[in-house]
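We use all heavy atoms of the structure for the numbers below, so side chains are in, but hydrogens, waters and symmetry mates are not. Labels below follow one simple rule: chain letters A, B, ... track the order of the sequence lines, proteins then strands, and each chain is numbered from 1.
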2 protein chains.
Amino acid sequence: MELRHLRYFVAVAEEGHVTRAAERLGMQQPPLSQQIRALEREVGVQLFRRKPRGMEMTAAGRAFLEDARAILTHVDHAFAATRRTARGEQGRIAVGFTSSAPFHPFVPRVIRLFRDGFPLVSMAFEESGTTELVDALRNEKLDAAFIRSGAPQSSGLAVHHLLDEEMLAALPAAHPLARSASKPLTLAALSDEAFILYRRPVGPGLYDAIISACREAGFSPIVGQEAPRILSTLNLVAAGLGISIVPASLTRMQMDGVVYRRLKSDRKFVAPLSLAVRWSEPSASVRRFVDLARATAKTFRAERP
Amino acid sequence: MELRHLRYFVAVAEEGHVTRAAERLGMQQPPLSQQIRALEREVGVQLFRRKPRGMEMTAAGRAFLEDARAILTHVDHAFAATRRTARGEQGRIAVGFTSSAPFHPFVPRVIRLFRDGFPLVSMAFEESGTTELVDALRNEKLDAAFIRSGAPQSSGLAVHHLLDEEMLAALPAAHPLARSASKPLTLAALSDEAFILYRRPVGPGLYDAIISACREAGFSPIVGQEAPRILSTLNLVAAGLGISIVPASLTRMQMDGVVYRRLKSDRKFVAPLSLAVRWSEPSASVRRFVDLARATAKTFRAERP
DNA sequence: CATCTGCCATATCTAGCAGATATGGATTTA
DNA sequence: TAAATCCATATCTGCTAGATATGGCAGATG
């Protein structure tokens, strides 16, 4: 039993006439007659009554016609869906991001654009620290992740740098350095402060960037507290336990008791935002997502140099 | 593209290994490899990644696997459903009956037995006069009908006699002849009465039977009223406009103002109940229904001779 | 490092069968 | 009654699915 039997059966059922059905199928009547017979023998049921002027379906034939049509339609739909999947227009993508990434208007913008462009691709989201995201990528639990690392030393992953975000000092509102609103601070001015930093094993990217920048400014920062999430960091600053250095997009978070200050340094002090994916054979949907993110980043950077 | 391509694809997808899938399918590895290639060429999508130790599905391949499985399952179900239809275990049957037929316990019993025995056969019901039922049978609107005729002269129909039902006189409660409860009436005793009869074009079976019996008793009945339905007949009797002769099962209808009397005659005065179907190629479900009705009638007659 | 094993791909051959062609039988139409 | 219509059966032929032979590559083993 093959699909051609179903195609032949449907044609004869719809025409009610073997010769006309054969024309429609582009073949001769006798073999079509024989194929219908073969089908009846295989099902073990008489599907048609032969009349002097055509064929009339039995009740069993009518029941089979419904199924035959549905099956042939399903085959067409299966082909189409498979092609859409291959083109990245359909499928599933699991995206992760660090806790600071969603504050940046870029990330929601990429997600919106992707959803608008590929409505048949279902998206799942996960928020975690960088280390966990990298593991999840490796384990194929996630397909892509927005992270704050410039270039983690992770084999099997491709990290696409998207953009850099200015880093600001986050100070307690009552801090003396919080008063001069218009003058950027030097890092050196913070050398005696207790720093509240994002926990390194969770977010190595930001941690390392801050340490490195302070080293370059001539001091090793006093780490007073480590916080498990970016929001905990700001909470501790608001409580007056110390200062921190955070990506500028965190200012979108109206946090009482925290004042943000720009930083002046010899080299632009920025936090990178990158998209990490596995090197090994990304699906077409993932490739589409990466391409869109990179194109959007390019546009974003052009809009605000 | 044929079903065998789907069968081959599913086997390879499930085994993740061409050689093992070929064994499972009872063929050699090279032609299976070629057929998978042919399928990929036809869909225009890479469904597998070839690895040194087996095959790994792409995202498109995974999408296609779901569809392929569903299609193959649907084919199996289509065969099974078609066979069930041919055996009369599935399908549809439209049954009609005259307005007096459902009062007989036999009819609901047949319907219940059929429903219990063939739950996959859907049933539709229609109530009408005999003439209309016969037309509907001819027009293939109905598949079977319970009628009151013994043997209508209708070409193309087969009429299966099921059982006979005693006829009773239906009298107004205040009628003088209503008083002697235990003695059967002779038909001759009703010769001066106005008869209320079921309209002949609607129900020729009962009408003719009554006229014929009266003729045999030596008189021609005075037809005072004709009624369109059996219930109308009893309503007019209750109103005192005349008497009627009705099948005994009508006594199950508790009608105020009507008294039923048995009739005494030289020949048993009965109303037949028959099942009519088309001669031409009844579906298996209809054949099943007829067989069940006849077998049930035989049982019924044995229970009450 | 060389050799072996495992596994898929390509090439060639052969048998089976789908479709073409010829013919026949039954019914309907003119 | 003859011709037309329409499905069925028989025979033939070309195509392709599957069998067989062989090759290439990667990984495992000694």
Side-chain angles (χ1 to χ4, degrees), chain A residues 1-58 60-61 64-65 68 72 75 155-156 279-281, chain B residues 1-58 60-62 64-65 68 72 75 156 279-281:
Chain A
M1 211 316 260
E2 297 292 347
L3 286 174
R4 77 173 178 279
H5 293 110
L6 297 186
R7 293 185 189 107
Y8 296 163
F9 171 77
V10 169
V12 173
E14 287 176 354
E15 297 283 344
H17 194 284
V18 177
T19 307
R20 281 207 306 270
E23 278 167 27
R24 168 171 150 184
L25 293 163
M27 64 190 290
Q28 301 302 309
Q29 173 264 322
L32 182 55
S33 185
Q34 286 166 353
Q35 292 285 313
I36 296 292
R37 273 279 183 228
L39 178 61
E40 282 178 322
R41 271 198 307 275
E42 174 147 6
V43 184
V45 166
Q46 193 183 3
L47 301 170
F48 293 102
R49 286 184 213 105
R50 274 68 171 174
K51 302 281 179 172
R53 293 291 149 114
M55 308 260 271
E56 179 184 294
M57 270 191 294
T58 61
F64 194 60
L65 179 62
L72 292 172
V75 170
S155 65
W279 257 119
S280 65
E281 300 286 343
Chain B
M1 208 324 252
E2 296 292 347
L3 286 175
R4 80 173 174 274
H5 293 108
L6 297 187
R7 292 185 190 109
Y8 297 163
F9 171 76
V10 170
V12 173
E14 287 176 354
E15 297 283 346
H17 195 283
V18 177
T19 306
R20 283 207 305 269
E23 278 165 29
R24 171 171 145 183
L25 293 163
M27 64 191 287
Q28 303 301 309
Q29 171 265 322
L32 181 55
S33 185
Q34 285 165 354
Q35 290 285 316
I36 295 292
R37 273 279 184 231
L39 177 60
E40 282 178 321
R41 272 198 305 277
E42 174 147 5
V43 184
V45 168
Q46 191 182 5
L47 301 170
F48 292 102
R49 285 183 213 106
R50 275 69 169 172
K51 302 282 178 171
R53 294 291 151 113
M55 308 260 273
E56 178 182 295
M57 271 192 293
T58 61
R62 281 195 298 275
F64 193 60
L65 179 62
L72 292 172
V75 169
W279 257 119
S280 66
E281 301 284 343

Per the under-4.0 Å heavy-atom filter, residues of residues 39-57 of chain A near DNA chain C come out as A:Pro52, A:Arg53

### Query
So does B:Arg7 pair up with B:Glu2, basic N to acidic O under 4.0 Å?
no

* Asked: Within a strict 4.5 Å, meaning less than it, do heavy atoms of the B:Val12 and B:Met57 side chains meet?
  -> no

Sorted by chain and number, sequence neighbours left out, ring pair (Phe, Tyr, Trp, His ring centres under 6.0 Å) with A:Phe9 holds for A:Phe48, A:Phe64

Under a 4.0 Å heavy-atom cutoff, the residues of residues 21-36 of chain A touching DNA chain D are A:Gln29, A:Pro30, A:Ser33, A:Gln34

Separation between CD1 (A:Ile36) and CZ (A:Arg41), nearest 0.5 Å, reads 11.5 Å

Rounded to the nearest 0.5 Å, the CZ atom of A:Arg4 sits from the CE atom of A:Met27 at a distance of 9.0 Å

- prompt: For B:Val18, does its backbone N or O pair with a side-chain atom of B:Gln29 as donor and acceptor, under 3.5 Å?
  reply: no

In A:Glu40, A:Arg37, A:Met55, the residue satisfying side-chain contact (heavy atoms from CB on, under 4.5 Å) with A:Leu47 is A:Glu40

Rounded to the nearest 0.5 Å, the CG atom of B:Leu39 sits from the CD atom of B:Gln34 at a distance of 14.0 Å

Across all chains, not counting sequence neighbours, the side-chain hydrogen bond (donor to acceptor under 3.5 Å, both in side chains) partners of A:Arg20 are A:Glu15

DNA chain C: first to last nucleotide in contact with chain B (atom under 4.0 angstrom from a heavy atom), 5' to 3', is C:dT5 to C:dA11

Rounded to whole Å, the CE-C1' distance (B:Met1 to D:dA17) equals 16 Å

Taken to the nearest whole Å, CZ/B:Phe9 to P/D:dA17 is 18 Å

With sequence neighbours left out, the residues meeting salt bridge (charged side-chain N to carboxylate O under 4.0 Å, His left out) with B:Glu56 are B:Arg49

Separation of D:dA17 atom C1' from A:Arg4 atom CZ, nearest Å, is 11 Å

